[in-house]
Amino acid sequence: MGNITSISDHGNKQHSEDLLFSTAIPDRPKVGKEMCIMSDIRQYAETESLRNGLDICIRASRPDDSERIVEAFHQLNPESVYLRFFGPKKEISPAELQRFRETDFDRRVILLCTVMQEGREIVIASASYVRAGEDSAEVAFLVEEDFHRLGIAGRLLKHLGRIAIGAGIKTFIAEVLPHNTAMLGVFKRSGWPMTSEVSDGTVHLSLALQS
């Protein structure tokens, strides 16, 4: 996975780990846009076609995705890891995987972007938010290098936003390294009003979500 990433609060390790990165999907139904506000976000799933014709599935993470997440993490290059975690990281810890499996889709929501390759479902991107207050949440993303410049991060942001708006969240916040221009561009192109400031070598930004 690659360096189109957004970073959580690197001064708070526990909170950063909560924004976790975030294999076949037999007979999983497509969910239309009218279903963006759902009684159970665990069932969220939508198929889309990228500009290069590739079909992707954007869906809620499941406890049985742990091995797919580990496999995807091991594909990251050192720069991607640094951009995502604001420092080196060699493995996903058992505690992080446990939190991933226990995602409640209330305080924390994780979406995966997957493709089918040789009969296996492969995670090529992930997006998550963690509530940071009553009506705000912090977001983070990862996109695998081979799938850059296809608009995947923007699509994931829109899906997260639809879910968040339905859950009463009004603001997304994020922290991004200044040289992570790809992710900054994703936020700027979201269509939601954005404010940002730089402090301590980090871009702190917020998006005012609008339905």
Side-chain angles (χ1 to χ4, degrees), residues 1-13 15-22 33 36-37 41 44 46 48 50-51 56 58 60-61 79-87 103 105-113 124-145 147-211:
M1 284 193 178
N3 58 10
I4 298 186
T5 59
S6 171
I7 305 298
S8 64
D9 182 0
H10 59 96
N12 184 331
K13 182 177 180 182
H15 191 55
S16 177
E17 290 174 347
D18 280 346
L19 280 168
L20 190 59
F21 4 86
S22 295
K33 292 183 179 179
C36 63
I37 299 175
I41 303 301
Y44 192 93
E46 187 165 325
E48 299 183 359
L50 300 180
R51 62 184 63 141
I56 60 172
I58 294 177
S61 65
E79 180 184 8
S80 298
V81 173
Y82 180 84
L83 287 173
R84 175 60 182 81
F85 297 99
F86 279 28
T103 298
F105 289 92
D106 177 18
R107 177 178 175 271
R108 178 171 61 237
V109 170
I110 300 176
L111 295 181
L112 303 180
C113 178
I124 63 170
S126 64
S128 63
Y129 74 67
V130 174
R131 285 184 181 266
E134 183 177 348
D135 60 1
S136 65
E138 191 165 9
V139 294
F141 301 84
L142 283 173
V143 179
E144 199 262 321
E145 286 95 343
F147 299 91
H148 282 187
R149 297 182 176 86
L150 294 174
I152 292 174
R155 290 171 184 261
L156 284 167
L157 179 58
K158 288 298 184 184
H159 282 276
L160 274 185
R162 288 159 63 191
I163 293 171
I165 290 169
I169 293 172
K170 298 178 180 178
T171 304
F172 273 164
I173 60 176
E175 295 190 354
V176 187
L177 290 174
H179 63 274
N180 194 351
T181 56
M183 195 65 237
L184 290 172
V186 169
F187 288 124
K188 290 177 181 177
R189 293 188 298 271
S190 69
W192 292 313
M194 185 180 95
T195 59
S196 64
E197 64 177 11
V198 179
S199 65
D200 300 324
T202 303
V203 180
H204 304 260
L205 61 86
S206 65
L207 295 175
L209 302 182
Q210 300 174 344
S211 57

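All heavy atoms count here, side chains included; hydrogens, waters and symmetry mates do not.
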* Asked: Taking the side chain from Lys170 and the backbone from Ala208, do they hold a donor-acceptor pair closer than 3.5 Å?
  -> no

* Asked: Mind checking whether Tyr129 and Phe172 have parallel, tilted or perpendicular rings, split at 30° and 60°?
  -> tilted

* **Separation between CD1 of Ile152 and CD1 of Ile124, rounded to the nearest 0.5 Å** => 4.0 Å

* To do: List the steps, then state whether side chain to side chain contact (heavy atoms under 4.5 Å, CB included) holds for Val109 with Thr103.
  => CA-CA 7 Å; Val109 170; Thr103 298; 5.8 Å; no

* To do: For the pair Arg162 and Glu46, evaluate salt bridge (Lys or Arg N to Asp or Glu O under 4.0 Å) and give the outcome as yes or no after the intermediate values.
  => CA-CA 12 Å; Arg162 288 159 63 191; Glu46 187 165 325; 3.5 Å; yes

* Find the distance between OG1 (Thr195) and NE2 (His204) and round it off to the nearest 0.5 Å. => 12.0 Å

* Roughly how far, to the nearest 0.5 Å, is the CZ atom of Arg189 from the CG atom of Leu157? -> 10.5 Å

* Please tell me if the side chains of Thr171 and Leu207 come closer than 4.5 Å, counting only heavy atoms from C-beta onward. => no

* **Side-chain heavy atoms of Leu156 within contact of Cys113, under 4.5 Å** => yes

* Asked: If we only count heavy atoms from C-beta on, is the Ser128 to Glu138 side-chain gap below 4.5 Å?
  -> no

* Working for side chain to side chain contact (heavy atoms under 4.5 Å, CB included), residues Val139 and Ile173 -> CA-CA 6 Å; Val139 294; Ile173 60 176; over 6 Å; no

* Asked: What do the steps show when you test Glu175 against Val203 for side chain to side chain contact (heavy atoms under 4.5 Å, CB included), and what is the final call?
  -> CA-CA 6 Å; Glu175 295 190 354; Val203 180; over 6 Å; no

* CD1-OG distance between Ile110 and Ser61, expressed to the nearest 0.5 angstrom -> 4.5 Å

* Answer yes or no: is there a side-chain heavy-atom contact under 4.5 Å between Ile165 and Ile163? => no

* Structure fact -> Rounding to 0.5 Å, atoms NZ (Lys188) and OG1 (Thr181) come to a distance of 9.0 Å

* **Spacing of Leu177 atom CG and Met183 atom CE [to the nearest 0.5 Å]** => 12.5 Å

* Asked: Quick one: does Ile169's side chain get under 4.5 Å of Leu209's, heavy atoms only?
  -> yes

* Heavy-atom distance under 4.5 Å between the side chains of Ile58 and Leu112, does that happen here? -> no

* Please examine the side chains of Val186 and Phe141, heavy atoms only from C-beta on, and report whether any two atoms are closer than 4.5 Å. => no

* Asked: Checking side chain to side chain contact (heavy atoms under 4.5 Å, CB included) for the pair Leu205/Leu184: CA distance, chi angles, key distance, verdict?
  -> CA-CA 9 Å; Leu205 61 86; Leu184 290 172; 3.9 Å; yes

